[in-house]
Amino acid sequence: ASANDRSIIVQSTTSTKNSGLYNVLLPQFKKATGITVHIVAVGTGQAIRNARNCDGDVLLVHAKGAEQKFVTDGFGTKRHDLMYNDFVFVGPPSDSAKITGSKSASDTLKKIATSKAIFASRGDDSGTHKKERTLWQAAGIDPTPSSGKWYRETGSGMGATLNIAVGMGAYAMTDRATWIAFKNKRDFKVLVEGDKALFNQYGITAVSAKKCPSVKTKLAETFSAWLRSKSGQSAIAAYKRNGQQLFFPNAVTN
Amino acid sequence: MQDVSSAFWIAFGLVAGLDADLLEIIALSLRVSLFALVISCLIGLPVGAVLAIARFRGRSAVLIALNALMGLPPVVVGLIVYLHLSRAGPLGWLNLLYTPTAMIIAQAILITPIIAALSRQILEDLHTEYAEQFRSLSVPAHTMMQALIWDARFSLLTVALAGFGRAIAEVGAVIIVGGNIDHLTRVMTTAIALETSKGDLPLALALGIVLLVIALTVNGLVMALRMTAGRQAYA
Amino acid sequence: MQDVSSAFWIAFGLVAGLDADLLEIIALSLRVSLFALVISCLIGLPVGAVLAIARFRGRSAVLIALNALMGLPPVVVGLIVYLHLSRAGPLGWLNLLYTPTAMIIAQAILITPIIAALSRQILEDLHTEYAEQFRSLSVPAHTMMQALIWDARFSLLTVALAGFGRAIAEVGAVIIVGGNIDHLTRVMTTAIALETSKGDLPLALALGIVLLVIALTVNGLVMALRMTAGRQAYA
Amino acid sequence: MRDAPSHGFASLLPLQTCDLTFTAANGSRLIHGIDLTLDAGSLTVVMGPNGAGKSVFLRLLHGLLEPTGGTIKYAGEPLSDAIRKRQALVFQKPVLLRRSVAANIDFVLKLRARPGSTQPDPVRRDELLDQVGLLDRAAQPARQLSGGEQQRLALARALATRPDILFLDEPTASLDPASTLMIEQITSDAHAAGTKIICVTHDVAQARRLAGDVVFLSNGHLIETANADDFFSNPKSREAQAYLEGRLIV
Amino acid sequence: MRDAPSHGFASLLPLQTCDLTFTAANGSRLIHGIDLTLDAGSLTVVMGPNGAGKSVFLRLLHGLLEPTGGTIKYAGEPLSDAIRKRQALVFQKPVLLRRSVAANIDFVLKLRARPGSTQPDPVRRDELLDQVGLLDRAAQPARQLSGGEQQRLALARALATRPDILFLDEPTASLDPASTLMIEQITSDAHAAGTKIICVTHDVAQARRLAGDVVFLSNGHLIETANADDFFSNPKSREAQAYLEGRLIV
Ligand SMILES: Nc1ncnc2c1ncn2[C@@H]1O[C@H](COP(=O)(O)OP(=O)(O)OP(=O)(O)O)[C@@H](O)[C@H]1O
Ligand SMILES: Nc1ncnc2c1ncn2[C@@H]1O[C@H](COP(=O)(O)OP(=O)(O)OP(=O)(O)O)[C@@H](O)[C@H]1O
Ligand SMILES: [Mg+2]
Ligand SMILES: [Mg+2]
């Protein structure tokens with residue numbers, strides 16, 4: 001990829017990639033602008049790290065705090081809200097902790113903790129994992145002493161963690177997009193959803209040419225702007241799997 | 001590149017500090033890979049020996065398949081073991097998924113073809129030398145296999161070390177069947193993968209260095225043993 | 001277990017359908033791994049030959065290190081190559097990150113020690129036979145190396161096939177330096193990893209079967225070549 | 001101690017070949033339709049120039065090579081595993097295991113031990129080594145032995161099987177005069193005890209000392225079989241005459 | 001065609017050993033302080049019982065083994081690579097490359113070719129093969145040759161280096177009478193052309209035919225060196241007497 005081709009690299013979370021969203025967005029974008037987009041899907045931490053090494057032109061993740069630090073450190077031009085969905089708790093139908101129908105995330109986690117039902121945590125410092133830890137904190141529980149017992153930190157991506165949860169009949173928290181697109185559900189179902197605390201915001205940031213002279217800021221800005229434009233946002237809204245919408249656009253269009 | 005040099009410092013600190021968590025991970029890595037290696041040798045060496053001496057229709061096809069199996073992708077092995085051991089799978093009742101045993105099974109499946117294919121070659125080379133003498137003495141097949149394996153034992157050590165290297169460095173299969181669960185099934189390679197996905201590249205590299213130190217230690221011990229044995233008995 | 005049988009059907013469909021995307025992925029897999037293998041043989045065979053014939057102080061240490069390097073974890077190799085090729089790295093100006101070339105480099109680093117260590121063993125075994133005769137004829141070292149490699153070429157094929165197997169099945173390194181980018185750096189193993197993380201286990205398994213078919217084909221071709229060569233010239 | 005046949009089985013003799021033919025994988029015919037009968041009672045020496053096919057012929061008789069034509073019968077029976085087990089062959093280039101001298105004998109003793117007794121008999125091993133003058137070398141790696149010592153060890157290993165038929169392929173080629181006589185004595189003793197000896201040699205003097213009858217091969221053809229006295233005093237074929245006179249056979 | 005020394009370098013002779021001693025890695029002393037001077041002009045035959053150390057001695061003289069004591073000098077110079085290149089050794093058990101007969105010769109011709117000419121000379125190769133009677137076998141794999149043919153090929157390979165000193169370790173041990181005479185003729189010719197021959201043999205008749213002087217070893221000790229006529233008519237040492245009479249040396 002030489003400097004003058006019309007292509008950019010996006011460092012992205014795996015959830016957006018695995019959901020198949022890019023498969024519909026990128027052809028439309030290419031048609032509109034002629035720019036080719038290459039997606040590198042890795043863990044949130046690795047994505048930010050790669051972008052800090054100037055190995056991407058755009059960062060698309062869901063860890064607002066880390067993204068903002070990325071910008072204040074001078075690596076990103078500006079962070080924009082792009083879209084959202086929500087997190088859900090999934091588990092086996094037997095539901096030994098009886099979490100089905102719980103109103104809040106806190107309730108759910110308390111029930112899991114008291115019944116010592118097996119819970120598969122990502123344990124990888126990803127956006128999802130950070131969110132999960134905030135929720136435990138809010139519920140007033142510290143699961144870490146039970147690590148390796150009922151609290152299983154998989155240290156893996158979302159898909160791998162879901163495979164593990166399904167394999168051992170454990171509860172897990174996942175973003176809805178990954179879950180809907182996930183094919184190894186077996187008898188697992190969404191058991192808890194809808195709490196405001198489970199909101200999941202995705203952001204987009206163009207990498208700054210100040211720190212990374214080699215990045216194609218212009219093309220990156222074009223991609224970011226298009227995604228936040230009417231056509232980009234409606235393309236996001238139109239993307240469905242199994243009849244369900246996966247992402248809800250919420251960029252501040254201008 | 002700074003990462004690389006800082007990785008050495010971190011690695012040094014990790015080893016010097018002898019962190020309990022790290023020791024646990026190292027111990028599990030060694031346990032899983034050495035166990036898998038023993039199983040693979042118990043299966044792979046006889047298979048290699050049989051293929052080295054037996055001449056039968058379709059032998060070429062078997063050799064092609066065996067050599068091809070050296071290219072068995074770890075993820076695929078992981079998936080197959082996962083599907084068998086999963087709750088829904090035929091062996092689900094054994095409750096082995098996400099245990100070190102599952103990881104041993106997966107690694108053993110992965111490296112048995114390597115041990116078998118490489119030892120086949122070495123034993124066959126020795127067999128071209130011994131074949132007529134053995135046939136003249138009417139040596140039964142199993143005695144022949146034993147004799148070949150014994151007389152080639154020092155060359156076969158390199159094969160075993162190749163298998164060990166493959167096992168200890170392997171991540172794709174163990175992460176699927178082991179799950180990289182902290183304090184339960186986390187080994188060096190899955191820990192490295194985790195730190196990498198967290199973006200903590202210096203720590204990941206440092207763990208990699210520690211892993212290489214482990215591999216060096218094991219190889220050094222084996223070499224020392226080999227030299228003692230070579231001095232005592234005759235090669 | 002149903003997954004396993006459906007995987008076979010999907011694999012069959014994939015192969016029968018000869019999907020253009022799949023062909024692209026297969027072609028890239030082969031290109032990367034074969035290229036890496038050629039590089040590794042060009043480096044590893046001479047290194048193996050030198051170590052087979054040379055006797056020097058510290059040779060044991062070198063052999064231990066070489067054997068240990070067979071346990072080089074792919075993720076670590078991936079990271080090191082990444083840190084060098086990253087735009088922030090010393091070779092960033094080459095713009096090689098996320099290209100097939102980067103993947104070739106990573107795989108070559110990974111399998112060169114394997115080729116070197118295994119060929120060392122095989123060449124050393126042959127050398128014990130030839131050594132005195134060569135020394136009597138005052139054969140210079142490079143001629144000796146050439147002669148050993150040539151006369152052991154059929155045994156070394158198995159070593160090369162082991163290296164190929166390791167390369168074609170490898171995922172940890174290529175996914176870091178290649179990025180698993182669609183239509184650019186996606187190979188069979190990274191595609192399998194992707195489908196696994198999507199939970200599409202039958203498709204992942206099917207791709208694994210296709211990968212094994214590729215490995216089988218390559219091994220079959222090599223064996224056919226070997227037999228033709230063995231018939232024409234003398235082994 | 002007996003090195004002679006250790007059992008009361010029926011004799012393997014006469015050994016009969018009928019139109020025995022062998023063609024190598026590369027298409028060259030190494031043995032051309034040999035018809036031969038060898039009986040018990042006399043020690044057979046096989047002679048012929050280099051490349052005549054003597055070693056190939058022994059390999060065929062011992063079942064190491066499969067004839068491409070013709071038949072081999074031992075007392076009317078085709079060659080079987082049971083018959084092969086009652087034979088031993090000392091190769092022209094002995095292949096010794098990468099083990100000690102003693103372990104090379106032990107390997108064979110264990111192989112032929114009665115089922116149940118898995119330990120080789122150390123007394124018999126030492127007897128055998130003593131017989132070929134290698135007892136003081138028992139612990140040495142076999143491949144370190146001198147050329148002549150290796151040949152003697154190979155003979156001891158063959159005797160360890162107590163064969164009914166013993167094929168010897170130039171067993172004294174690199175032995176000193178004393179060892180040569182020693183091996184000839186062992187051979188004669190075995191012969192006297194009822195073992196059928198079929199021995200290849202280029203040493204005409206040795207052949208005269210040992211042979212009861214002579215089989216002469218050249219170029220893969222059976223040229224002459226004769227009683228030893230007749231053969232040496234009055235060879236019938238031009239080839240045998242030339243051979244004995246040390247002339248090149250064209 | 002010349003198989004004799006191919007250059008005008010200074011002679012390598014006399015060959016002198018002084019207190020030459022060799023102790024194996026396992027601690028056993030194989031050669032005990034040998035003092036010996038071999039001059040140009042006479043063909044030297046080395047004799048001695050099996051295990052006497054003849055092959056080890058040749059290996060030491062040819063620089064394949066490092067003496068653990070004493071010195072070896074060629075015309076006053078210590079053994080060097082340059083000197084070693086002007087020697088050749090035919091091993092008791094020849095090791096042939098896993099290639100064709102012709103390729104085994106070509107390998108050596110290429111090795112000794114003048115710098116620049118990387119192609120072996122096919123005419124010279126064919127001459128050499130013809131000399132040992134293997135020309136019609138050029139294309140055959142060397143390891144398929146019969147025992148005697150392999151030994152002849154090994155000799156041709158040694159001659160291909162046009163050595164100034166040629167060590168032969170039982171070169172005719174498994175040759176037929178005609179080939180034996182042929183090899184003796186080649187050896188005598190080379191000797192006549194100025195090549196120093198040092199030949200190990202157990203064949204007393206052959207030693208009588210060839211030897212100018214005899215070196216007799218036993219048990220790693222130099223027992224006797226003598227003019228050949230004197231040695232065979234009147235051996236001085238008890239060991240040599242016993243050897244020639246075919247008695248075991250204790
Ligand atoms: N596998 C083979 N393919 C082709 N030719 C072969 C093969 N094996 C042996 N030969 C040839 O067959 C001929 C007979 O070989 P053999 O070893 O029987 O000779 P021999 O009579 O024992 O000679 P020597 O006295 O030298 O030992 C030789 O010319 C040899 O080159
Ligand atoms: N590496 C070694 N370590 C210990 N002993 C050895 C070694 N090599 C040879 N020997 C012993 O040294 C002695 C001399 O061996 P050598 O091969 O020189 O005998 P030789 O005189 O050539 O006998 P032959 O006539 O049988 O060829 C033998 O007894 C042999 O066992
Ligand atoms: Mg022969
Ligand atoms: Mg010798």
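Letters go in sequence order (proteins before strands), and every chain restarts at 1. Bear in mind that the values here come from a model prediction, so they are computed numbers and not experimental data.
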Run the side-chain contact (heavy atoms from CB on, under 4.5 Å) test on E:R98 and C:L126 for me, step by step, so that the C-alpha distance in whole Å, both residues' side-chain angles and the decisive distance to 0.1 Å come before the verdict. CA-CA 10 Å; E:R98 301 178 178 185; C:L126 181 61; 3.6 Å; yes
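- Here the shortest heavy-atom pairing between C:L137 and E:L111 reads O-CD2, 3.7 Å.
- Contact record, E:G63 with C:R135: O-NH2, 2.9 Å, taken as the closest heavy-atom pair.
- Of the two parts of C:A147, the backbone and the side chain both hold a non-hydrogen atom closer than 4.5 Å to a non-hydrogen atom of chain E.
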Taking it one step at a time, do E:R143 and C:E129 satisfy salt bridge (charged side-chain N to carboxylate O under 4.0 Å, His left out)? CA-CA 13 Å; E:R143 301 209 165 193; C:E129 201 187 322; 2.6 Å; yes
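- Separation of atoms CZ (E:F91) and CD (C:Q133) is listed at 5.0 Å; rounding is to 0.5 Å.
- When the shell of 6.0 Å around CZ of C:R57 is examined, it contains 12 or fewer heavy atoms from other residues, nucleotides or ligands.
- In this structure the side chain of E:F107 reaches within 4.5 angstrom of the side chain of C:V139, judged on heavy atoms.
- A 4.5 Å side-chain heavy-atom check between E:L96 and C:Y130 finds every atom pair outside the cut-off.
- If you measure heavy-atom distances from E:V108 to chain C, the contacts under 4.5 Å come from the side chain alone.
- The shortest distance between side-chain heavy atoms of E:T161 and C:S138 does not fall below 4.5 Å.
- Counting all heavy atoms, side chain and backbone alike, E:R99 lies closest to C:D151 at NE-OD1, 2.7 Å.
- Heavy atoms from other residues, nucleotides or ligands lying under 6.0 Å from CZ of C:R59 number more than 12.
- C:S136 and E:H62 get closest at one heavy-atom pair: OG-NE2, 2.9 Å.
- For the pair E:K110 and C:T143, the minimum side-chain heavy-atom distance is 4.5 Å or more.
- Using a 4.5 Å cut-off between heavy atoms, E:F167 makes no contact with chain C at all.
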